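It should be emphasised that the depicted structure is a prediction, and the values quoted were computed from it without experimental measurement. First the proteins, then the strands, lettered A, B, ... as listed; each starts at 1.
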Amino acid sequence: MTVRLVETEAYLGPEDPAAHSARGRTARNEPMWGPPGHLYVYRIYGIHDCVNVVCGPGTKPEAVLLRAGEVTEGEELARRRRGPKPATARLAAGPGNLGRALGIGRDLSGADLLTGPVSLLLGTPPPAVASRPRIGVGYAGAWATRPYRFVIPNDPHLSRR
DNA sequence: AGGATGATGAAG
DNA sequence: TTCATCATCCTA
């Protein structure tokens, strides 16, 4: 199953109050302190599993949250996991939905993107990328309005319509 | 506008 | 051991 990403958010590390790594190193966020190119998956609101890619440089605990995408392959499988209700374009619209559609749960937190069951592919660059404030981080003070959310403008697969 | 639903981290 | 807090989604 493949998703083409259309929306991501950057979480910059301990100095970023919205990043999980800002509250110190714990068993949950342990993968953030590891090498780049690994998954960090956590559960939010008791329901949704959110998928992050751990980034560099080095072992600085930064990560990128995968927020939305278009299912480009394996729609049958995605729909089996998401159920019959959502419109096709909404199968992976939103972090919880994307994790669910891809079948990525916390069991894959820490998995290596090079050798594990999940891979990150590089495609042709999008025609345009815009940046906006991140979603759901209003508590983060001045950092809440920084434009660390990256979207392909007007893409129908974004997390909100 | 609000409820679902449970792990996490900090406090007692 | 309890408690507040969530990087959300859906129905209404």
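- For C:dC10, neither phosphate oxygen OP1 nor OP2 lies less than 4.0 angstrom from any side-chain nitrogen or oxygen of A:Arg160.
- Rounded to whole Å, the distance from CG on A:Asp49 to P on C:dC6 is 19 Å.
- For A:Arg43 and C:dC6, the shortest distance from a side-chain N or O to OP1 or OP2 is not below 4.0 Å.
- Dashed line: the shortest gap from a side-chain N or O of A:Asn97 to OP1 or OP2 of C:dC10 is under 4.0 Å.
- The distance between atom CG of A:Asp16 and atom C1' of C:dA7, rounded to the nearest whole Å, is 10 Å.
- With hydrogens and angles ignored, the 3.5 Å screen pairs a side-chain donor or acceptor of A:Asn52 with a backbone N or O of A:Tyr40.
- Taking atom CZ on A:Arg25 and atom P on B:dT8, their separation rounds to 17 Å, with Å as the unit.
- For A:Arg67 (side chain) and A:Glu7 (main-chain N/O), no donor-acceptor pair under 3.5 Å exists by modelled atom type.
- The base of C:dA7 sits with one of its N or O atoms less than 3.5 Å from a complementary donor or acceptor on the side chain of A:Tyr42.
- Per the geometry, CD belonging to A:Glu30 stands 11 Å off P belonging to B:dG9, to the nearest Å.
- For A:Arg82, the side-chain atoms get nearest to C:dC10 when compared with the rest of C:dA7, C:dC10, B:dA7.
- Rounded to an integer number of Å, the gap from A:Ile47 CD1 to B:dA7 P is 12 Å.
- For the pair A:Arg134 (side chain) and A:Arg149 (backbone), a donor-acceptor distance under 3.5 Å is absent.
- Under 4.0 angstrom from either OP1 or OP2 of C:dA7 there lies at least one side-chain N or O belonging to A:Tyr139.
- Within the shown strands, nothing qualifies as a pairing partner of C:dA7 under the Watson-Crick or G-U definition with both distances less than 3.5 Å.
- No option in A:Leu66, A:Leu65, A:Ile104 other than A:Leu65 meets the side-chain contact (heavy atoms from CB on, under 4.5 Å) test with A:Cys50.
- Using a 4.0 Å heavy-atom cutoff across all strands shown, A:Arg23 reaches sugar-phosphate atoms only and no base atom.
- Distance from the side chain of A:Ile44 is smallest to C:dC6 among C:dC6, B:dA4, B:dT8.
- Taking only side-chain nitrogens and oxygens, A:Arg28 comes nearer than 4.0 Å to OP1 or OP2 of B:dG9.
- Residue A:Pro95 places its side chain closer to C:dC9 than to any other of C:dA7, B:dA4, C:dC9.
- Base engagement by A:Asn52 is indicated by at least one non-hydrogen atom pair under 4.0 Å involving a base atom.
- Atom pair A:Met32:CE and B:dT8:P shows a separation of 15 Å (rounding to whole Å applied).
- For C:dA7, the base has no donor-acceptor partner in the side chain of A:His48 [N/O atoms by modelled type, under 3.5 angstrom].
- Hydrophobic clustering of Ile, Leu, Val, Met, Phe, Trp and Tyr side chains at less than 4.5 Å, counting indirect connections, keeps A:Val151 apart from A:Ile135.
- Of all heavy-atom pairs spanning A:Gly13 and A:Ala19, the tightest one is O-CB, 3.7 Å.
- The nearest heavy atom of DNA chain C to A:Ala63 and to A:Lys85 marks one nucleotide each, and the one closer to the 5' end goes with A:Ala63.
- Computed from coordinates, the A:Asn29 CG to C:dC6 P distance equals 15 Å when rounded to whole Å.
- Of all nucleotides listed (C:dA7, B:dT8, B:dG9), C:dA7 comes nearest to the side chain of A:His20.
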